[in-house]
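Sequential numbering from 1 along the given sequence is applied to the chain's residues.
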Amino acid sequence: MAFSMAWPGDMVQDGSGEVGARGMLARFRGELYRCFARRGDALFELCDAVLCRPERVHMLAELSLEPECRRGHGAVYDAVNAGRVQVARLRRALAGLPLPAWDDGRIRLAADVSNWLRPGAATSAERLFCHCYARGKGNAQMIPGWPYSGIAALEPGRTSWTLPLDAVRLGPADDATAVTAAQVREVAGRIIAAGHWRDGDPDILVIFDAGYDPMRLACRLADLPVQVLGRLRSDRVLHFPAPPGRRDGKPGRPPRHGTELKLADEKTWPAPHVTTVTATTRYGTAVACSWDRLHPRLTHRSAWLDHHGPLPVIEGTLIRLAVDHLPGDRDPKPIWLWSSATGAAPGEVDRLWQAFLRRFDLEHTFRLFKQILGWTAPKIRDPAAADRWTWLTITCHTQLRLARPLAEDLRLPWERPALPAGTAHPGPGPPGI
């Protein structure tokens with residue numbers, strides 16, 4: 001049975017929503033405690049120690065010094081190493097929380113991978129070489145660690161809060177695209193089971209960055225009410241639909257692919273089907289051009305090597321977004337997006353590229369996990385213990401999010417004015433846009 005966190009009167013018991021928020025938080029904490037099948041008291045106190053610590057979390061042992069944790073440092077490590085979390089039940093509890101409400105009624109999810117680097121843990125199992133950016137453009141490093149694929153619901157408005165819904169550690173033998181597709185399928189199923197999506201609602205929009213193959217994901221998720229939006233590398237080549245019959249007029253098999261559109265060659269770009277111009281406060285003028293029904297030419301190689309039968313033609317909308325400037329970059333390069341939806345009107349094109357920009361809120365969430373909540377701070381050796389601590393970090397973030405209406409933004413006299421009540425942003429620094 002799907003667990004639902006919402007009940008009548010939850011969010012409308014008083015004008016400020018404080019009573020409803022307190023009830024929602026209390027119910028989630030009760031369900032969280034029931035998700036701890038072994039070392040439950042120690043795990044629950046460990047979460048409270050993270051939440052109530054006035055400083056950043058640097059190690060597990062120091063959490064035993066917090067008043068909320070009534071156990072020694074040995075019991076803290078024992079809880080992480082030998083405890084048990086009912087992950088399936090916890091996932092249902094997270095999906096049962098009220099999802100962020102957007103004006104168009106569409107649920108927006110973002111997926112990305114964040115790495116728990118463990119270069120010095122030579123004896124730790126199931127480590128992979130994780131791609132990490134180094135100082136300077138074009139520099140990257142491959143460092144051993146545990147990559148985690150996370151999915152979170154995005155919020156509208158001037159905020160960088162997200163609602164993490166799932167996290168999966170990628171193993172050495174895993175296909176990242178296949179794991180992500182299965183992860184999205186399960187998350188979408190839990191969202192539907194919780195009653196957040198019903199027949200007739202807009203498809204759930206799932207947003208990916210350039211490290212994913214959005215066409216392959218769209219093919220794997222074609223039977224779900226899911227719309228895929230992903231960023232493409234600038235060296236990709238797509239094709240328009242093939243014209244009916246052969247181009248030379250002779251009998252024979254008609255072509256499957258039309259003319260090419262090379263993202264790196266402007267000469268191959270025909271006139272866009274839709275062009276929109278939007279004035280923004282952060283990026284200047286944003287110009288979006290879109291072409292309808294473009295698809296890649298697939299071959300029986302790499303990810304499609306084991307595909308049986310004819311390769312599919314996966315059509316979608318191609319969007320080129322160019323802005324005047326970015327924070328810290330006065331001459332930004334345009335980005336290319338591909339959506340599994342076709343026939344996008346101008347309003348839909350604008351909603352797509354604006355939704356992609358909200359994907360960066362998930363990166364702020366990962367940064368909060370690491371820098372404030374201490375997700376990757378413990379020197380854990382066992383990957384199963386790392387999974388356990390990852391879920392504890394997610395639940396701590398969820399409780400902070402639920403407690404927003406109950407907290408005040410405290411500032412020193414010489415600091416910027418406090419934010420309005422109920423709009424506290426995660427971690428230090430200004431809220432995201």
Side-chain angles (χ1 to χ4, degrees), residues 29 32-33 35-85 87 90 113-130 132-134 141 143-150 162 164 167-170 362-401 403 407 410 425-429:
R29 286 171 60 82
L32 173 62
Y33 181 79
C35 291
F36 297 147
R38 188 188 303 132
R39 308 292 196 276
D41 291 339
L43 291 172
F44 196 76
E45 291 180 7
L46 189 57
C47 289
D48 284 350
V50 174
L51 292 170
C52 298
R53 179 175 171 79
E55 302 175 358
R56 303 169 188 262
V57 177
H58 301 99
M59 63 181 71
L60 288 179
E62 66 183 6
L63 294 176
S64 64
L65 303 178
E66 299 298 323
E68 291 74 20
C69 185
R70 299 174 295 175
R71 289 162 172 79
H73 63 276
V76 170
Y77 280 98
D78 177 69
V80 175
N81 290 320
R84 180 187 171 194
V85 180
V87 176
L90 183 54
V113 173
S114 187
N115 303 317
W116 185 337
L117 302 181
R118 297 290 283 125
T123 60
S124 293
E126 302 182 12
R127 293 186 306 161
L128 299 176
F129 281 105
C130 304
C132 303
Y133 289 100
Q141 302 179 30
I143 302 177
W146 294 311
Y148 280 84
S149 173
T162 65
V168 173
R169 178 171 48 83
L170 301 178
L362 182 56
E363 296 186 6
H364 293 300
T365 300
F366 288 144
R367 184 175 63 178
L368 175 68
F369 281 5
K370 295 179 178 180
Q371 297 182 0
I372 306 297
L373 302 180
W375 171 37
T376 59
K379 305 303 181 183
I380 293 176
R381 180 180 298 178
D382 183 13
D387 296 345
R388 211 167 288 122
W389 176 248
T390 298
W391 279 107
L392 292 183
T393 305
I394 291 176
T395 59
C396 289
H397 178 275
T398 302
Q399 293 179 71
L400 289 175
R401 179 179 175 273
L410 301 179
H425 54 268

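Considering every non-hydrogen atom in both S64 and G72, the closest pair reads CB-C, 3.7 Å. The heavy-atom pair separating T162 from R401 by the smallest distance is O-CD, 3.3 Å. Nearest heavy-atom pair, G83 versus L43, reported as atom, atom and distance to 0.1 Å: CA-CD1, 4.4 Å. Y77 and A61 make their closest contact through OH-N, 3.8 Å (heavy atoms, listed as atom of the first residue, atom of the second, distance). Pairing each heavy atom of G145 with each of P147, the nearest pair is O-CD, 3.6 Å.
With sequence neighbours excluded, no residue forms a side-chain hydrogen bond (donor to acceptor under 3.5 Å, both in side chains) with Q371. Residues forming a ring-ring contact (aromatic ring centres under 6.0 Å, His included) with F366 (at least two apart in sequence, or on another chain): none. Under the ring-ring contact (aromatic ring centres under 6.0 Å, His included) criterion, F36 pairs with no residue at all, not counting sequence neighbours.
Residue pairs meeting the salt bridge (charged side-chain N to carboxylate O under 4.0 Å, His left out) criterion with at least one member in residues 114-127, sequence neighbours excluded, are E126-R169. Listed by first and then second residue, the salt bridge (charged side-chain N to carboxylate O under 4.0 Å, His left out) pairs that reach into residues 35-50 are R29-D48, R39-D78, E45-R70, E45-R71, sequence neighbours excluded.
With a 4.5 Å cut-off on side-chain heavy atoms, P54 and E66 count as touching. Contact annotation: the side chain of W389 approaches that of L46 to within less than 4.5 Å [non-hydrogen atoms, C-beta and beyond]. In this structure, the side chains of F369 and P164 come closer than 4.5 Å at one or more pairs of heavy atoms. In this structure the side chain of P119 reaches within 4.5 angstrom of the side chain of I143, judged on heavy atoms. For the pair T398/L32, no side-chain contact is recorded, criterion being any heavy-atom separation below 4.5 Å from C-beta on.
Rounding to the nearest 0.5 Å gives a distance of 11.0 Å between CG of L128 and CH2 of W146. We find the SG-CG distance between C52 and L63 to be 11.0 Å, quoted to the nearest 0.5 Å. To the nearest 0.5 angstrom, I372 atom CD1 is 13.0 Å from C396 atom SG. Distance check: N115 CG to C132 SG gives 5.0 Å after rounding to the nearest 0.5 Å.
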Side chain to side chain contact (heavy atoms under 4.5 Å, CB included) between L373 and L400, worked out: CA-CA 11 Å; L373 302 180; L400 289 175; 4.1 Å; yes

Stepwise side chain to side chain contact (heavy atoms under 4.5 Å, CB included) check, L392 with V50: CA-CA 9 Å; L392 292 183; V50 174; over 6 Å; no

From CA spacing to verdict: side chain to side chain contact (heavy atoms under 4.5 Å, CB included), M59, H73: CA-CA 10 Å; M59 63 181 71; H73 63 276; over 6 Å; no

Test log, rule side chain to side chain contact (heavy atoms under 4.5 Å, CB included), inputs E68 and L51: CA-CA 9 Å; E68 291 74 20; L51 292 170; over 6 Å; no

Show the atom names and distances, to 0.1 Å, of all donor-acceptor pairs under 3.5 Å that link a side chain in residues 375-383 to residues at least two apart or in another chain.
from : atom 1 : to   : atom 2 : distance (Å)
W375 : NE1    : T390 : OG1    : 2.8
D382 : OD1    : A384 : N      : 3.3

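For the pair R388 (side chain) and V85 (backbone), a donor-acceptor distance under 3.5 Å is absent.
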